[in-house]
Structures are given as structure tokens and as C-alpha cells.
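Right, one structure below, let's go through it.
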Number of protein chains: 2
Amino acid sequence: MRNKEETYKQIIETAFSMFSEKGFDQTSLSSIAAEIGISKPAIYYYFKSKDELIKSLFDTIVQEIQSITYIDLKEMNTTNVKQTLYHVGENAINHQKKNLAFNQLFNQYIMLATRDSYYAEKLADIQQEFFNTFHDMLTNAVEIKAIKDENILIKSQLLALVFDNITNFILTNMNLDYERIWREAVDSVLRGIENHE
Amino acid sequence: MRNKEETYKQIIETAFSMFSEKGFDQTSLSSIAAEIGISKPAIYYYFKSKDELIKSLFDTIVQEIQSITYIDLKEMNTTNVKQTLYHVGENAINHQKKNLAFNQLFNQYIMLATRDSYYAEKLADIQQEFFNTFHDMLTNAVEIKAIKDENILIKSQLLALVFDNITNFILTNMNLDYERIWREAVDSVLRGIENHE
DNA sequence: GTCTATACAGCGATAGAC
DNA sequence: GTCTATCGCTGTATAGAC
């Protein structure tokens, strides 16, 4: 007989890799069970339906996301605002290139959100936090007088939009110079509002 | 007995609305057939499988997209470059707000593309055309000497990325001032390279 | 040529045995 | 805690009605 926690963990991990590879609908519970070496109804002991398994997996990866987007604003000073913004993008681009499976799965939840308010609400929170990250960075830059206080809200939303879509485009295998595009976005947004040089 | 073309058209139209509403996998051929008032195997007379129906629908909507993205560059002159770019975005934002079903469906094909090269290749072409549209606009602006020739390629890719993600965000019901974000993107990108004022 | 009837394997899900 | 057996449904396939 198996260990309960171990089996639960195995189901979540196998679901993660199979769902991200083939999608929710093209991955049957039988195939997940077969991969682990248990029977299909055994999964029902841990999750009361396939949808519940998908939701549990969602909650697992949401926690991971929130740990990635953290940025230490204390490191920011008058001379390194641009560099700090550059790095945020470069780190994310590198992370994304190495974690395609993660975003492949995440995008499926975004699609689910258009039809299921459970996901819509949680994803809205994540998006809001994501926007706040950029808004906090620019607001902080204003406070330390590195940049002028002009359209900071819209500018941070613009940066967030570019940032977000870069990760999407990496997924589609479009071969663009994402680092340069990100730097151009940062340069464009800051142009004219930087204090002295 | 039914008319052949009429039935075909009905299947495509019903598939469009049901697929965009509930998704490919949550829409059975039986439910499509029931909606039209024919039997399930009747669909197999027109499409040799569900996947074939999905592909045919794809080809139908691809044609529509290519007619939307057309922009008349002859209208552009030294004084209206910014306004022309503003309008491209505003038109798309309005179009998107009124055609959510269309993009809902389109996004499903983007997800399919990560696992099926048939869609990946065609979508790559569309994306390329999409990038070209912005590149052509900026190149044209350079040629009529409305703007300087600085980083035109990266700048057009940046605009395309923002443009594309605005339509995605509208779909997620995130309530942002997209017109203002788009104008900020255009302003930011053109800032410093506009000739005289 | 246009479609219906029927059959089948595989799915998510449940009941009940061990 | 995990299994076998079974249910209703799906996509798919084909035989054949008209």
C-alpha cells in the first residue's frame, strides 16, 4: 500500500507535466493514473472530479507566481532606475525561456477564466498585483526624485502590458530580440521624464 | 432535403458561435447537429472529422483577419503620423469590444498552435503580417520625413506587442483605459524622433 | 448526393468489494 | 486506500435508406 501524501504529490506533479504538454482535455485521468501506476478511481479518492484536480493544480502554481514577481525596491536609487527596470525584464525573459511548460499551463487557465469566474477572479488579483509591481517601481522612482511625476499610472500599465506579452510571444516561438524590445519600452516610457543625466 | 451549401454554411456558423462560447472540447458534434436540426453523422458528410471542422473554421476566420488589418498608407503625411497611429489602435479597441467572440475563438487557435504545426505555421504568417503593418507605417513615416530613422524595427515590434496585448486584456475584462495606454505607447515610441513640431 | 441508424472504443464518474 | 465493474456520454466510423 502507498503513502497518502506521496500519491497526492505524484498526481499533482504528473498532472502538471501532462496537462502542460497535451492540455486539460487531451489528458485523461486514465493516462495520468497509468503514468503513476495506479488505477483511475484512485485519483477520485484524492480529487472529487477532474475539475477539482485542475483547480488544485491552479492553486499550487499561483503560489509559485507570487514568489517570482517580488522586487526589492530598496535597491533602487537615482542612478539605477533604468537598470532596475531592464533587469526585471531580462530576468523574466530568461525565466520564461527555461520554463515554457509553466506558462503553457498558465495560459490554459487564462482561457478557462473566460468561462469560469473562479479562475477569472483569482487571475484578476494576480494581474492587479502584476500591475502594482510596475506602478510601485515608478512611484518609488518618483519619490526618490529619479523621474518626474507624469502619467505614472498609464506608463506603468504600458510597461506591464509589454512585459506580459513578451512572455506570451516567447511561447509562440516567434523569434524576436525580446531583450532589445524591452529596453526600448523602458527607454521610451522614461524618455523626457528622467531628472538630470 | 436540404441545400448543400446552406447546410455547410450553417455548420460553420453554428460551430463558430458554439466553439467561441464553450471551447472546442466542451462543444460536441451532437450539440452542433442538434442546434441546426440535423443528425450528428450528417456533419461527417461535410467534414471528415471534428478536427477537420475546426481547421475549416480556422481558414474561414483567417481570411477575415487579413481584411481587418489593412491600412492605407497613402493617407499618411508629415502632420498626421501620430493621428494615424492613434486611429489604428482606437479602431481595433472598438472592434475588439464588439467582437469578443471572434477573439475568444482566435485565442483557442493560438493555444492549439503550441501543439499543432498546422496552426503554428499559419499563425506565424499572420503575426508576421501584423508586425509588417506597423513596420510599414513607421518606414513610410521615415520616407515622408515625418520621423527620424532610429530603431524603427524595434519600435514597430514594440507597438505591435502593445497593440496585440490590449486586445487580449479586453478579453479578460480587465478594466483599463486602453485608448490612453495606446496613445501613451505611440507618444513614447515617437518621442524624440519626430521632425519639427 | 444527402443524410439516418447503428455500432464502438474511450472518457469522466460512481458503487461497492477488498 | 485502492481496486473491479459499470454507467451515460463522446468522437468516430460505416452501412445503407432515399
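Here is the naming used below: chain letters follow the sequence lines, and residue numbers restart at 1 for every chain.
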*Please list, chain by chain and in numerical order, all residues satisfying salt bridge (charged side-chain N to carboxylate O under 4.0 Å, His left out) with B:Lys122, sequence neighbours excluded.*
B:Asp59
*asked:* Let me test you: for the helix from C:dG1-D:dC18 to C:dC18-D:dG1, what is the angle between the axes at its two ends (five pairs each), rounded to 10 degrees?
replied: 10°
*asked:* Enumerate the ring-ring contact (aromatic ring centres under 6.0 Å, His included) contacts for residues 136-167 of chain A, please, sequence neighbours excluded, ordered by first and then second residue.
replied: A:Phe130-A:Phe163, A:Phe134-A:Phe163, A:Phe163-A:Trp182
_What is the distance, to the nearest angstrom, from the CG atom on B:Leu53 to the C1' atom on D:dT12?_
14 Å
*asked:* As a quick check of understanding, evaluate side chain to side chain donor-acceptor pair (under 3.5 Å) for A:Thr114 and B:Gln104, giving each step before the final call.
replied: CA-CA 8 Å; A:Thr114 63; B:Gln104 190 99 24; 2.6 Å; yes
_side-chain hydrogen bond (donor to acceptor under 3.5 Å, both in side chains) contacts in which one or both residues fall within residues 24-40 of chain A, not counting sequence neighbours_ = A:Asp25-B:Gln26, A:Gln26-B:Asp25, A:Ser28-A:Ser31
*Just how far, in rounded Å, is C1' of C:dA5 from CD1 of B:Ile38?*
15 Å
*asked:* Can you tell me if B:Tyr45 touches the phosphate of C:dC3, counting only side-chain N or O atoms and a distance under 4.0 Å to OP1 or OP2?
replied: no
*Under the side-chain hydrogen bond (donor to acceptor under 3.5 Å, both in side chains) rule, what pairs show up with a residue in residues 142-152 of chain A, not counting sequence neighbours?*
A:Asn151-B:Arg180
*Just by protein heavy atoms under 4.0 Å, how would nucleotides 10-17 of chain C read 5' to 3' in B, S and -?*
-SBBB---
*With sequence neighbours excluded, what pairs up with B:Phe47 under the ring-ring contact (aromatic ring centres under 6.0 Å, His included) test?*
B:Tyr8
*Using only side-chain N and O atoms of A:Thr7, determine if any of them is under 4.0 Å from OP1 or OP2 of D:dG1.*
no
*Excluding sequence neighbours, so at least two apart, what forms salt bridge (charged side-chain N to carboxylate O under 4.0 Å, His left out) with B:Glu13?*
none
_Length of the line joining B:Ile43:CD1 and D:dT12:P, which is rounded to integer Å_ = 11 Å
*Residues in ring-ring contact (aromatic ring centres under 6.0 Å, His included) contact with B:Phe102, at least two apart in sequence or another chain*: none
*Any side-chain donor-acceptor pair under 3.5 Å between B:Tyr86 and B:Asp187?*
yes
_With the threshold set at under 4.0 Å for non-hydrogen atoms, list the residues of residues 107-116 of chain A touching DNA chain C in residue-number order._
none
_The criterion is ring-ring contact (aromatic ring centres under 6.0 Å, His included); which residues satisfy it with B:Phe131, sequence neighbours excluded?_
A:Phe169
_Below 4.0 Å: OP1/OP2 of D:dG1 and any side-chain N or O of A:Tyr8_ = no
*asked:* Please report the distance, rounded to the nearest Å, between CD1 in A:Ile36 and C1' in D:dC3.
replied: 15 Å
*Return the set of residues passing ring-ring contact (aromatic ring centres under 6.0 Å, His included) with A:Tyr109 (not counting sequence neighbours), or none when no residue passes.*
A:Phe24, A:Phe58, A:Tyr119
